[in-house]
Amino acid sequence: MKVRFNRKQLCIPYAAFLILFVILPLLVIIYYAFTNGEGQFTFDNLVAFFSSTNTIGTLIYSFALAITTTLCCLAIAYPTAYILARSGFRKKYVLLLLFIMPMWINFTLRITALKEILTAIEGNIAAYPFINSVIGMTYDFLPFMILPLYTSLLKLDKNLLEAAQDLGANKLRVFMRVTLPLSVPGIISGITMVLLPSMTNYVVLDMLYNSTYIMGSLIGSYFNGFEWHSGSMISLILLVIIFIITLVTNRFSDKDDNGGREVIL
Amino acid sequence: MKKFAPVLWLCIVLCFIYVPILLLAVYSFTDATTVGAGINGFSFENYINLFANEELRDMILGTIALALVSATIATILGTLGAVGGFYSKKLTKSMLHSANQIPVVNADIVTGFSICVLLIVLLGVNKDTFIPLGVGHVVLCAPFVYLSVLPKLKQMDNNLYEAALDLGASPAQALFRVVLPQLVPGILSGFMLAVTLSLDDYFITTYTKPSTFDTISTYVVNATKGGQTEIKTALWALSTLIFLIVVVVVILMNATSSKRRKENKNAEI
């Protein structure tokens, strides 16, 4: 029997791939999170996480670091994106490329460069672990914040701004009441690009001699100790956090959004 | 005077972004071993080391090979997925789309760890076969290829496919000769994105790689823990080279895309 070719069938390999290597691993993570070494069902891993002051401290430190980094990125990226998008410069697109080009340089090499500079300025960089980590993460993630902000500010309808001005609003009022609310999707998309990686990217901390753990470091240390069940529980907790962030941000974000990670051609 | 403040702000941000990279580039051409030290003389020692040292050379070539192979597989899978999903029923389409979003929003570290637990711990796949590493990188890249191809499918005129069928083409012919050529820009940008994602990845690589294999990311992280200054300064050279390559690629792409835009404009007229 000859099977007739149908273009719908083309998605079968990819669908199978996603089920096998995206959905199945997550199910396995959930299974491992709630079992022990003997394969028995247990809440021990969950209880262990929430009853230890160390791990709770790690969770709080992660949030503190991630939120500080996100705010720093936003504070630097918003004015930058605003100036770039609203400038009369003829080839503002080229100017934007200058700001997001570091995205394509390996982040470990960029952090190496930053580390050398910080060492030259501060001497012993281990003396300022939190500040250096924030600087490192901001340096790493800034392009990912600039891009979505630029995109949403560029889309802004100039007529609305002129209308607001004609109706008597001063510049500050136009910004607060028109520009800022309309750029919320860009802000949200930028926040999701920065918040999550800065909770998990422990390599930046390691390279800048910050020995405090963040959520990602826990997974790293459980991986090195072959403690798959505890590591799975941390992954599951991160998944829940990601799920909550996605639920909240989905209400604000644009539909056709691939999270700012687009290549510009 | 009005325009002075914004320009100053942009300059400050550019300094923050580029001073570390450029200073490292300058020092990579010297014999100094720390940035900020006095420069005694210029030398190409670091660049010679980068290519003479077998370990470094293997690591660079390995990273590039991994990126090209996994990006190619990801591009094929992601494109097929996007085309097939686009023409499927609504339910299949939305399920495929949701599953595709999982690795996009998920943290890389969780993606890497979960693949490690499934393949290496549960199924006992040998790390040295490169299968877990390859799977991990394709999971990382394919969803972004899918997302790059999808908009091109939406823009496409669906009547063209029907017209090809009416003119006697088989469905497969219509797909490959009519639909696929129109998706090429999306496929290409998806491939480029896949390559850059794979090159930049640290977490998925660490959790799935064979113990003797290193990519640039894992190698650099290990090197910063070790104290070998020769390796350290050779990596400065690598950083500078990558920076130059990125600059050249960005300029080339910008040149070709503005040329293409002009051609499109002429064609419309």
Side-chain angles (χ1 to χ4, degrees), chain A residues 5 7-15 17-18 21-26 28-29 32 76 79-80 83 94 97-99 101-102 104-110 112-114 116-117 119-120 142 196-197 200 203 206-207 216 219 223 228 231-232 235 238-239 242 246 256 258-259 261-263 265, chain B residues 6 9-10 13-14 17 19-21 23-24 35-36 77-78 80-81 83-85 87-88 96 99-100 102-107 109-110 113-115 117-118 121-122 135 139 144 147 171-172 175 189 192-193 196 199-200 202 207 216-217 220-221 224 235 238-239 242-243 246 250 253-254 257:
Chain A
F5 171 81
R7 50 186 174 165
K8 290 174 196 168
Q9 292 159 352
L10 288 173
C11 73
I12 292 172
Y14 189 51
F17 180 81
L18 287 176
F21 299 120
V22 173
I23 295 170
L24 193 59
L26 293 183
V28 171
I29 284 285
Y32 266 69
I76 300 175
T80 310
I83 297 167
V94 178
L97 278 177
L98 260 182
F99 284 85
M101 211 162 53
W104 299 303
I105 303 171
N106 188 293
F107 83 96
T108 57
L109 290 171
R110 277 190 292 139
T112 308
L114 184 72
E116 297 296 331
I117 296 287
T119 312
L142 190 61
L196 199 65
T200 54
V203 172
D206 279 357
M207 290 180 78
I219 296 185
F223 172 81
W228 311 115
S232 297
S235 302
L238 278 173
L239 275 174
I242 294 163
T246 316
D256 292 322
N258 65 4
R261 263 172 158 170
E262 47 214 315
V263 158
L265 277 175
Chain B
W9 174 263
L10 291 187
V13 176
L14 276 182
I17 295 175
V19 163
I21 301 172
L23 214 55
L24 203 70
V35 169
L77 271 176
L80 287 180
V83 174
Y87 294 116
S88 294
L96 191 73
N100 185 73
I102 296 175
V104 176
V105 294
N106 202 351
I109 189 168
V110 177
F113 189 80
S114 67
I115 290 170
V117 171
L118 172 73
V121 181
L122 190 68
V135 167
V139 170
F144 291 95
L147 288 176
L175 202 72
S189 73
M192 290 298 295
L193 186 54
T196 55
L199 288 177
D200 204 47
Y202 173 83
Y207 296 144
I216 293 177
S217 305
V220 171
V221 172
T224 49
L235 289 175
L238 178 62
S239 166
I242 292 179
F243 176 64
V246 168
V250 165
M253 283 197 159
N254 215 44
S257 75

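Chain letters run A, B, ... following the sequence lines, proteins first and then strands; every chain starts at 1. Heavy-atom basis, side chains included; hydrogens, waters and symmetry copies ignored.
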**Fill in**
Pair count under 4.5 Å, heavy atoms only, with chain A: among B:Ile109, B:Thr224, B:Val13, highest is B:Ile109

**Fill in**
Most heavy-atom pairs under 4.5 Å with chain A, out of B:Val83, B:Val110, B:Ile242, B:Val19, belong to B:Val110

**Request:** Go through the structure and list residues passing side chain to side chain donor-acceptor pair (under 3.5 Å) with A:Thr200, not counting sequence neighbours.
**Result:** none

Quick check for you: among [options], which has the greatest number of heavy-atom pairs under 4.5 Å with chain B?
| options | value |
| --- | --- |
| A:Ile242, A:Thr119, A:Ile219 | A:Ile219 |
| A:Ile23, A:Thr246, A:Leu239 | A:Leu239 |
| A:Phe223, A:Phe21, A:Tyr32, A:Phe107 | A:Phe223 |
| A:Ile76, A:Leu24, A:Val94 | A:Ile76 |
| A:Val203, A:Leu238, A:Asp206 | A:Val203 |
| A:Leu196, A:Asn106, A:Ile12, A:Leu114 | A:Asn106 |

**Asked** Any side-chain donor paired with an acceptor under 3.5 Å for B:Asn100 and A:Tyr14?
**Response** yes

Hey, could you give me the [atom1]/[atom2] distance between [X] and [Y], rounded to the nearest 0.5 Å?
| X | Y | atom1 | atom2 | value |
| --- | --- | --- | --- | --- |
| B:Thr196 | A:Ile105 | OG1 | CD1 | 12.0 Å |
| B:Ile102 | A:Leu18 | CD1 | CG | 8.0 Å |
| B:Tyr207 | B:Ile115 | OH | CD1 | 13.0 Å |

**Prompt:** Is it the backbone or the side chain of A:Pro197 that comes under 4.5 Å from a heavy atom of chain B, or both, or neither?
**Reply:** neither

Between [X] and chain A, with a heavy-atom cut-off of 4.5 Å, which part of the residue counts as in contact: side chain, backbone, both or neither?
| X | result |
| --- | --- |
| B:Leu175 | side chain |
| B:Leu80 | both |
| B:Leu199 | backbone |

Any heavy-atom pair between the side chains of [Y] and [X] that's under 4.5 Å?
| X | Y | result |
| --- | --- | --- |
| B:Ser239 | A:Thr112 | no |
| B:Phe243 | B:Leu24 | no |
| B:Ser114 | A:Ser235 | no |

